[in-house]
Amino acid sequence: LDFNCDSPVENRKVHVFPNPCNSKFRISIEQEDLFQGTLIIQDMSGRKVRELRLHDNVQEIDVRKLSEGMYNLLILANGATMNEKLIIIR
């Protein structure tokens, strides 16, 4: 999968916490146009390991089935792409 940022979101208001995490993390989105987007979790090789629909401005994500390591979080909504990093430790 190749996710090019055709419309990057400037001055984004996304918070991922706790980070690093061990079993769950929360994603908080302050930009209303991204509330109904898609969250894609990729490992560092770019392989998609999880995909889910965002349905609110704060959402808890369970990552207990993912291995320890660093991941890319891609938020796709309304033609915009946002990228955050997540670290999972055990």
Side-chain angles (χ1 to χ4, degrees):
L1 294 174
D2 184 23
F3 294 98
N4 292 323
C5 296
D6 295 330
S7 304
V9 177
E10 298 299 325
N11 300 318
R12 59 187 180 257
K13 298 288 186 179
V14 173
H15 306 282
V16 175
F17 58 94
N19 193 8
C21 71
N22 62 11
S23 61
K24 295 180 182 179
F25 72 92
R26 289 184 187 207
I27 185 165
S28 171
I29 302 171
E30 295 178 20
Q31 251 175 260
E32 189 173 334
D33 61 332
L34 299 175
F35 289 177
Q36 302 299 315
T38 300
L39 173 66
I40 296 174
I41 303 175
Q42 293 180 319
D43 64 18
M44 293 312 290
S45 70
R47 184 177 59 95
K48 179 170 65 172
V49 295
R50 183 136 186 238
E51 179 175 339
L52 59 130
R53 298 286 299 163
L54 297 172
H55 53 76
D56 205 351
N57 66 319
V58 177
Q59 193 162 329
E60 187 172 80
I61 313 294
D62 188 329
V63 291
R64 286 179 284 191
K65 293 182 180 179
L66 298 181
S67 299
E68 186 173 78
M70 187 178 292
Y71 293 85
N72 285 319
L73 305 178
L74 298 173
I75 301 164
L76 310 172
N78 298 322
T81 303
M82 296 175 57
N83 188 347
E84 295 291 328
K85 298 284 188 219
L86 174 70
I87 299 170
I88 299 175
I89 58 172
R90 303 280 188 239

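Side-chain atoms are counted along with the backbone in the values below, which use heavy atoms only and exclude waters and symmetry mates.
- Cluster membership check: I89 shares its hydrophobic cluster with M44, using side-chain heavy-atom separations under 4.5 Å among Ile, Leu, Val, Met, Phe, Trp and Tyr.
- Separation of atoms NZ (K48) and CD (Q42) is listed at 9.0 Å; rounding is to 0.5 Å.
- The two residues F17 and S28 have their closest heavy-atom pair at CE2-CB, 3.8 Å.
- Using modelled atom types, one finds a donor on one side chain and an acceptor on the other under 3.5 Å when comparing E30 with H15.
- Between R90 and E68 there is no salt bridge, since no side-chain nitrogen of the basic residue lies less than 4.0 Å from a carboxylate oxygen of the acidic one.
- Of the inter-residue distances, the one linking F25 atom CZ with E60 atom CD reads 9.5 Å to the nearest 0.5 angstrom.
- G37 approaches A77 most closely through the heavy-atom pair CA-CB, 3.7 Å.
- The shortest heavy-atom contact between D43 and N72 is O-ND2, 4.3 Å.
- Under the 3.5 Å distance criterion, the side-chain polar atoms of R50 are left unmatched by any main-chain donor or acceptor of V63.
- Here Q59 pairs with I27, L52, L54, H55, I61 under the side chain to side chain contact (heavy atoms under 4.5 Å, CB included) rule; sequence neighbours left out.
- Here CE of M70 is found 11.0 Å from CD1 of I88. Values are rounded to the nearest 0.5 Å.
- Residue V16 comes nearest to L86 through the heavy atom pair CG1-CD1, 3.9 Å, listed as atom of the first residue, atom of the second, then distance.
- Closest approach of I87 to N19, counting heavy atoms only: N-OD1, 2.9 Å.
- Taking CG from N83 and CG from L73, the interatomic distance works out to 7.5 Å, rounded to the nearest 0.5 Å.
- The backbone N or O of K24 lies less than 3.5 Å from no partner atom in the side chain of R64, so there is not a single donor-acceptor pair.
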